[in-house]
Amino acid sequence: MRLSQYFLPTLKDNPKEAEISSHRFMLRAGMIKQQSAGIYTWLPLGLRVLKKIENIVRYHQDEAGAHECLMPTIQSADLWKETGRYEAYGEEMLRMTDRHDREMLYGPTNEEVITDVFRSYIKSYKDLPQNLYHIQWKFRDEIRPRFGVMRGREFLMKDAYSFDLTKENAVYSYQKMFLSYLKAYTHMGLKVIPMKADTGPIGGDLSHEFILLSDTGESEVYVDEKWMETDVSGKDVFYENREQLDKYFKEMTSIYAATDETHDGVGAPANLIKTRGIEVGHIFYFGTKYSEALKATVQNKEGKMVPVEMGSYGIGVSRLVGAIIEANHDEVGIKWPAKVAPFDVGLLNLKVSDQETSTACEGLYGKLKAAGLDVLYDDRDVNAGSKFADMDLIGLPWQVIVGPKGLKNGVVELKKRSTSERNEISLDSLVTTLTTDIKDLKRGF
Ligand code: P5A
């Protein structure tokens, strides 16, 4: 992508409304634009990151055996009246009527709709287990939308719903999602800790929140010091190996970690760290709460119709964009982990008016693209200082800096954004070095 032709409206000054780094940098890097409180346009750079996160989540949901579908954003109130949640949900639900005066709502979550889908088709235990998910916009009329995409009113969620005949099998489905979440967060370059949680308006008796530790997080949390050394990647654990998964789940959930609502000191170890965190996912097992209300029953082995056992599993996809920035930035900008970066490498032409520099840049741009890298080529006729500042702000993992002085000696500069390390490197070996480095960091997907 040529920056001179791209849509990247970066801002030099800090927007006054932004209280935390991620919000500030998302606005300044031209990733989002606020349209009204808690509602955003995703500009091209921001959308690239959102899609990368979405794809990582999708990859791990598919691997865990869930099937993607797409439910509507607008739902009929009827189903919600059947479960009693139309009243219970309160002011957070955005309600509307259509031209026939039918009550509709913008979905804040999809337990009702998916249970309706399920009951329309599945009648026998032979067709179980089943797990359906979608990645769809939600609306919650939050009292205090804030921190940009962290607490939006309109936000993108991945929500999955599992269906099983027995509680035992439902717990296995829950554990598979638990593992899928740990693998997905690790894939994005995050260390996220599973914590015992409250079930709130979703209901149920087994629930975990997935928390990214961060001083700017909205939740107060208590974690055992042990978590700092604990590997949460879920690597070498397999979905199909039920015994191994159960053991791993028990291991992970036996180390103390709790949100403010569930922390009562009981079972808490002495070496407890009290800190803050960002909730980037939340999973629930709630048994037959919705299937009983909506009569989603299946025939069991004895021929009797029984309500299906359910769980639901949410990941805050748009919130993750902000959360990743909170965990990866310095005072001048973002430092994207390679797998979620909007482009792999920024190519800076320090002197567009110089024929030799421009020819060298064009050559590199072509070669890097041909090697399969996403390149953002800063070919604008602006001063070098602005180019450095913008590149550091938008935080691509690598910068290739090309100027007339270096070229005289056949070299360009390669800067790694995460460490600010800069190295001179010969024009001839740049492409090989960069593709090897990047392939290494992108491996596993
Ligand atoms: C689980 C999936 C649910 O809604 N029903 C379907 C269950 N859970 S939840 O905890 O309420 O939400 C899941 C995740 O969505 C993100 N999230 C938000 N992100 C941005 N802005 C918001 N206002 C917002 N509300 C929830 C969180 O990451 C949460 O864990």
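In this chain, numbering begins with 1 at the start of the sequence shown. Note: hydrogens, waters and symmetry copies are ignored here, and every other heavy atom, side chains too, is used. Read the numbers this way: they start at 1 and go in the same order the structure lists the ligands and their atoms.
In summary, of the residues considered (Tyr313, Tyr181, Phe249), a ring-ring contact (aromatic ring centres under 6.0 Å, His included) with His208 occurs for Phe249 alone. Of the candidates His134, Arg319, Lys138, Lys138 is the only one forming a side chain to side chain contact (heavy atoms under 4.5 Å, CB included) with Met157.
In this structure, Asp224 has no salt bridge (charged side-chain N to carboxylate O under 4.0 Å, His left out) partners at least two apart in sequence or on a different chain. Remark: Ser120 pairs with Asp116 by the side-chain contact (heavy atoms from CB on, under 4.5 Å) rule, at least two apart or across chains.
The ring-ring contact (aromatic ring centres under 6.0 Å, His included) analysis of residues 138-157, with sequence neighbours excluded, yields the pairs Tyr106-Phe139.
Under 4.0 Å is where a charged nitrogen must lie from a carboxylate oxygen, and between Lys335 and Asp392 no such pair does.
Listed by chain and residue number, the protein contacts of ligand 1 are Thr109, Glu111, Arg140, Glu142, Val149, Met150, Arg151, Gly152, Phe155, Met157, Asp159, Tyr161, Ile202, Glu279, Val280, Gly281, His282, Phe284, Ser312, Tyr313, Gly314, Gly316, Arg319 (heavy atom within 4.0 angstrom).
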